[in-house]
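Following: one structure in structure tokens, then a few remarks.
One-based numbering, in listed order, for ligands and for the atoms of each. None of the values given here were measured: they were computed from a predicted structure.
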Amino acid sequence: MTGELITVAVPKGRLLEESSALFEEAVGVSPATLLGKTRKLAADAPSAGLRFISIRAADVASYVEHGAAEVGVAGLDVLREEPRDLYEPLDLEIGRCAVIVARPRGARPLPRGVSPRVATKYVNLAAAHFAARGLPAEIIHLHGSIEVAPSLGLADAIVDITETGETLAANGLVIEERVLEVSARLIVNRVALRLHAERLRRLVDALRGAVATLAGRRG
Ligand code: PRP
């Protein structure tokens, strides 16, 4: 919390525009407009009592859990990959995608008892998924370009997120299983929730209204 402003961590990248539309509807200010086209990573919106900070999507939950921001926007994939002590009051219904298992189109099933080699940045979700099927996987931790791993012989399968399916198709992969349906969640620091209960309740209510309004507009 900076002075009287509540700090909101918004993710860079894919979720920024959709998050901004929600905040604009809820509190009349757009973090993308405030932060966009500059290298500034923080911007105040005193009219709304908020300060926005621009954070990598994978780091938003850390900022909020440790209290560097009171509030944040984070994908369910990130929240389930690395569970944290956070309050998750609202499904923002944006950033919809899925964590999936994909394999090369036409690949033969692995012989019984052979552990698949699985390339992923979601090492915990992937390990838990295969363990639950009684099939301990050899997890290969990558940070990006996961879809190219099977064609290079690095992995039998991948666990990654897909939105449009274009990256999978372009790399000759097909979805074998869906692991987790994902959307972005509003996350709130637990201590902040007690200290600023009324202001945070009003913000959550305003965002809940904005989610409904934007869903209505989408039809
Ligand atoms: C994600 C994911 C896929 C791609 C899928 O990567 O890792 O590569 O999006 O999207 P699609 O189904 O619409 O093709 P992202 O763009 O977030 O970048 P990253 O791999 O660097 O995290």
Side-chain angles (χ1 to χ4, degrees), residues 8-23 30-32 35-37 39 41 52-65 69 72-84 86 88 91-107 116-130 137-187 214-215 218:
V8 181
V10 290
K12 297 179 180 189
R14 289 181 184 226
L15 275 174
L16 178 61
E17 287 302 324
E18 286 185 293
S19 305
S20 291
L22 278 176
F23 277 96
S30 156
L35 293 161
K37 299 193 180 75
R39 298 296 296 165
L41 298 177
F52 292 103
I53 56 173
S54 176
I55 301 294
R56 282 190 65 168
D59 293 335
V60 167
S62 293
Y63 275 76
V64 177
E65 183 182 34
V73 173
L76 192 63
D77 52 333
V78 174
L79 297 172
R80 294 298 172 268
E81 170 64 16
E82 202 176 332
R84 293 166 183 281
L86 289 166
E88 280 178 32
D91 182 347
L92 297 172
E93 298 181 20
I94 57 174
R96 287 191 186 282
C97 56
V99 177
I100 49 85
V101 179
R103 295 189 67 205
R105 185 178 293 111
R117 285 173 308 144
V118 177
T120 188
K121 54 188 166 199
Y122 298 98
V123 293
N124 296 325
L125 284 174
H129 176 78
F130 284 97
E138 182 190 332
I139 305 293
I140 298 163
H141 188 188
L142 302 178
H143 294 89
S145 304
I146 317 285
E147 292 88 347
V148 81
S151 68
L152 298 175
L154 180 60
D156 303 304
I158 66 164
V159 168
D160 199 9
I161 51 168
T162 183
E163 185 185 352
T164 64
E166 283 173 26
T167 312
L168 292 175
N171 289 282
L173 301 173
V174 290
I175 294 175
E176 195 164 75
E177 289 175 272
R178 297 179 82 85
V179 177
L180 180 70
E181 300 303 320
V182 173
S183 59
R185 307 297 155 112
L186 189 74
I187 55 175
L214 295 192
R218 284 195 296 267

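- If you take CG on Leu15 and CG on Leu92, they are separated by 9.0 Å, rounding to the nearest 0.5 Å.
- Residue Leu168 holds its CG atom at 4.0 Å from OG1 of Thr162, rounded to the nearest 0.5 Å.
- For ligand 1, residues of the protein lying within 4.0 angstrom by heavy-atom distance are Arg14, Lys121, Glu147, Asp160, Ile161, Thr162, Glu163, Thr164, Gly165, Glu166, Thr167.
- In this structure, CG in Leu180 is found 5.0 Å from CG in Leu76, a value given to the nearest 0.5 Å.
- Judged purely by atom type and a 3.5 angstrom limit, Glu163 has no side-chain atom pairing as donor or acceptor with the backbone of Cys97.
- Legend: residues meeting ring pair (Phe, Tyr, Trp, His ring centres under 6.0 Å) with Phe52, ordered by chain and number and at least two apart, are Phe23.
- Between the side chain of Arg117 and the backbone N or O of Gly153 there is at least one donor-acceptor pair closer than 3.5 Å.
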